[in-house]
Structure formats: C-alpha cells, structure tokens
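What follows is a single structure, written as structure tokens, with notes after it.
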Amino acid sequence: MCGREWDLLDEVFAPVFSPSTGIALEFLGLNEPTTARPAGSFLEIGCGSGVTTVMAALAGFDRVVGSDISPRAVENTAVNAERHGVGGRLSAVHSDLFSGLAESDRFDTVFWSSNYVMAPDSYEYESVHERAYVDTGYRAHRRYLEQAPHWLTPTGSALLHFSDRGDLPALHRIADETGRELRTLRSERVREGEYGQDMVEHMLIEIRPARGR
C-alpha cells in the first residue's frame, strides 16, 4: 500500500482486502507524499497493522500514537513503525479506545476508522479480529462520541470514519444523547472489491460538542 511494503501479523486486520484503509488515508490527506508538513500530534484509535499511523508520521506529524485493543495489532504497528524509520516519533499502546493513554495526553487530531457494523447487545465475539468489523449495540461508538473531544487540544479535531453499512440514524441518536454534533466533512462512494460489488458510501465525520452543551 502507498507504494510501500508492510508487515502483517496473524489475527490483524488486513487492509488490502477492504477499501476502508485507502479511503481513510485519502480523507486524511496521507495517501501520497507531500511537502506540506502537518501540525502537531495525531492519535489513531484501532491502529491495526499501523498503515495510517505510520503514514501520519511519514507525513510529518511531530507525535503519533496508535491505540488498539488487540495486542497483536499493537505489536504490528510497532514493527511497521521501525520498518519505515518512524519509531522515534510513533508509539503504539494497548488500549480499549482511550483507556491506555495518560490522562494528560492531548492531540490535534483524533481519528477512528470504526467497526461500524452494529451487532445486537447479546452478540459474543468469537475472536479479537471480529472487533475490527462489529460493535455490539454501538457501545464503542457511544464511548468514542462521549470521550474523543476530551482528548483534543483547544483547536483539535475528533474524526470518525463511518460508512452506510453502519446504522447512521443510530449514530446520530447517540450523538444527541451524548451532547454531540456530527458534521460530515467528506464522503465517497466506492466498490467494496474483495467483499463484493456493492457500492458503499464512506464518510469522514467530525464530532463536536453540541451548541450550548
């Protein structure tokens, strides 16, 4: 991907089989080399193999953190950071969303390409790998909407990569319940490729505190 070779460990989400990582990189402006140096710090929730976090570091972010609930994904991100020479500016942490961060941490960009397929509350994961695709009762989405703005610098942005394969009305309902406003910054319809010929709309959504909250 991105003209580079990457290590991929067992049980870690394979970005080549889904367009989601490529779309995320495009949304964030990280898919091609650039002479413009991004400002400040970048946090990715659900870093997986580390492609997005490594590309953020290569783009010039001063500090990059990748967080993942899977220990194998954390290891994979660290391996790819070293492979591409950004280990000094990129750290990978084992974390359930923000739980593994220091309370004082703040970021200019917080980003999550979410597991937007909603499953019933009673659904039981059969593997850690499933957490890359499925969120039971949108509990992780609720926590992200509630907590992401807390981890921002005063001028920072909390971003969510979502798609119409998820339950957009439920996401907006959760936003209302948690005092958040959602603003779609970008959208693009793409063919799912390896998983079928369906056209799926991907969205980059900004999360803001609701006015008056």
Side-chain angles (χ1 to χ4, degrees), residues 13 15 18 20-21 23-25 27-28 30 40-48 50-53 56 64-70 73-74 77 91-121 123 125 128-187 201-211 213:
F13 175 80
S18 168
S20 60
T21 300
I23 292 295
L25 292 168
F27 281 165
L28 295 168
L30 301 176
S41 51
F42 180 92
L43 168 66
E44 183 184 19
I45 300 297
C47 55
V51 173
T52 301
T53 47
V64 179
V65 176
S67 158
D68 206 290
I69 197 170
S70 164
V74 174
T77 294
S91 59
V93 297
H94 182 218
S95 178
D96 182 359
L97 293 183
F98 306 98
S99 66
L101 303 178
E103 179 55 36
S104 60
D105 277 340
R106 295 294 183 273
F107 299 89
D108 296 294
T109 301
V110 174
F111 173 74
W112 182 31
S113 187
S114 76
N115 52 348
Y116 44 70
V117 177
M118 181 189 277
D121 287 329
Y123 184 83
Y125 294 107
V128 173
H129 190 66
E130 286 188 358
R131 294 182 184 273
Y133 300 94
V134 176
D135 183 14
T136 55
Y138 272 10
R139 290 196 291 265
H141 283 79
R142 178 178 293 274
R143 290 166 51 215
Y144 185 76
L145 265 58
E146 286 178 332
Q147 297 173 19
H150 169 78
W151 298 93
L152 296 176
T153 60
T155 58
S157 296
L159 304 174
L160 175 68
H161 177 194
F162 201 74
S163 97
D164 63 2
R165 281 194 164 175
D167 191 332
L168 194 58
L171 187 71
H172 279 275
R173 185 168 59 252
I174 292 169
D176 289 341
E177 293 169 357
T178 56
R180 302 291 183 235
E181 290 182 354
L182 305 180
R183 183 166 72 102
T184 300
L185 302 180
R186 297 188 63 181
S187 66
E201 182 178 6
H202 289 253
M203 295 155 270
L204 182 66
I205 298 171
E206 185 177 26
I207 302 160
R208 296 178 170 182
R211 294 183 182 89
R213 298 293 288 270

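Reckoned from all heavy atoms, side chains included, excluding hydrogens, waters and symmetry mates. None of the values given here were measured: they were computed from a predicted structure.
Contact annotation: the side chain of L185 approaches that of L159 to within less than 4.5 Å [non-hydrogen atoms, C-beta and beyond]. With a 4.5 Å cut-off on side-chain heavy atoms, R180 and P209 count as touching. The shortest distance between side-chain heavy atoms of L171 and Y116 does not fall below 4.5 Å. In this structure, V93 and V74 have side chains that are not in contact, with every pair of non-hydrogen atoms separated by 4.5 Å or more. Side-chain contact check for V134 versus N115: every heavy-atom pair is 4.5 Å or farther apart.
Scanning for side chain to side chain donor-acceptor pair (under 3.5 Å) contacts around S163 gives an empty result, with sequence neighbours left out.
The ring of H141 has its center closer than 6.0 angstrom to the ring center of F162.
Among all heavy-atom pairs drawn from H161 and S113, the shortest one is ND1-OG, 2.8 Å. The minimum heavy-atom distance between S114 and L160, with the atom names listed, is CB-CD1, 3.6 Å. Smallest separation of non-hydrogen atoms from C47 and G66: SG-C, 3.6 Å. Closest approach of E181 and A210 over heavy atoms only: CG-CA, 3.5 Å.
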Show me the side-chain donor-acceptor pairs of residues 94-103 shorter than 3.5 Å, one per line, residues at least two apart or across chains.
unit_1, atom_1, unit_2, atom_2, d
H94, NE2, I69, O, 2.9
S95, OG, L97, O, 2.7
S95, OG, S99, N, 3.1
S95, OG, G100, N, 2.7
D96, OD1, R143, NH1, 3.3
D96, OD1, R143, NH2, 3.2
S99, OG, D96, N, 3.0
S99, OG, D96, O, 3.3
E103, OE2, H150, NE2, 2.9

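Formation of a donor-acceptor pair under 3.5 Å by the D68 side chain with backbone atoms of G48 is found in this model. Listed for the Y138 side chain is no donor-acceptor partner under 3.5 Å among the backbone atoms of I174. In this structure, the side chain of S187 does not engage the main chain of M203 through any donor-acceptor pair within 3.5 Å. In terms of modelled atom types and a separation under 3.5 Å, the side chain of T178 and the main chain of A175 share a donor-acceptor contact.
The structure places CG of L145 at 9.5 Å from NE2 of H172, a figure rounded to the nearest 0.5 Å. Atom CG of D108 and atom CZ of F42 lie 11.0 Å apart (nearest 0.5 Å). If you take CZ on R183 and CD1 on I207, they are separated by 12.5 Å, rounding to the nearest 0.5 Å. Note that the CD1 atom of I23 and the CZ atom of R186 stand 8.5 Å from one another [nearest 0.5 Å]. The CG atom of D105 sits 8.0 Å away from the CG atom of L43 when rounded to the nearest 0.5 Å. Here the OG1 atom belonging to T53 is positioned 11.0 Å from the CZ atom belonging to F111, to the nearest 0.5 angstrom.
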side-chain contact (heavy atoms from CB on, under 4.5 Å) between T184 and L204, intermediate numbers included: CA-CA 6 Å; T184 300; L204 182 66; over 6 Å; no
Verdict with supporting geometry, W151 and R106, side-chain contact (heavy atoms from CB on, under 4.5 Å): CA-CA 5 Å; W151 298 93; R106 295 294 183 273; 4.0 Å; yes
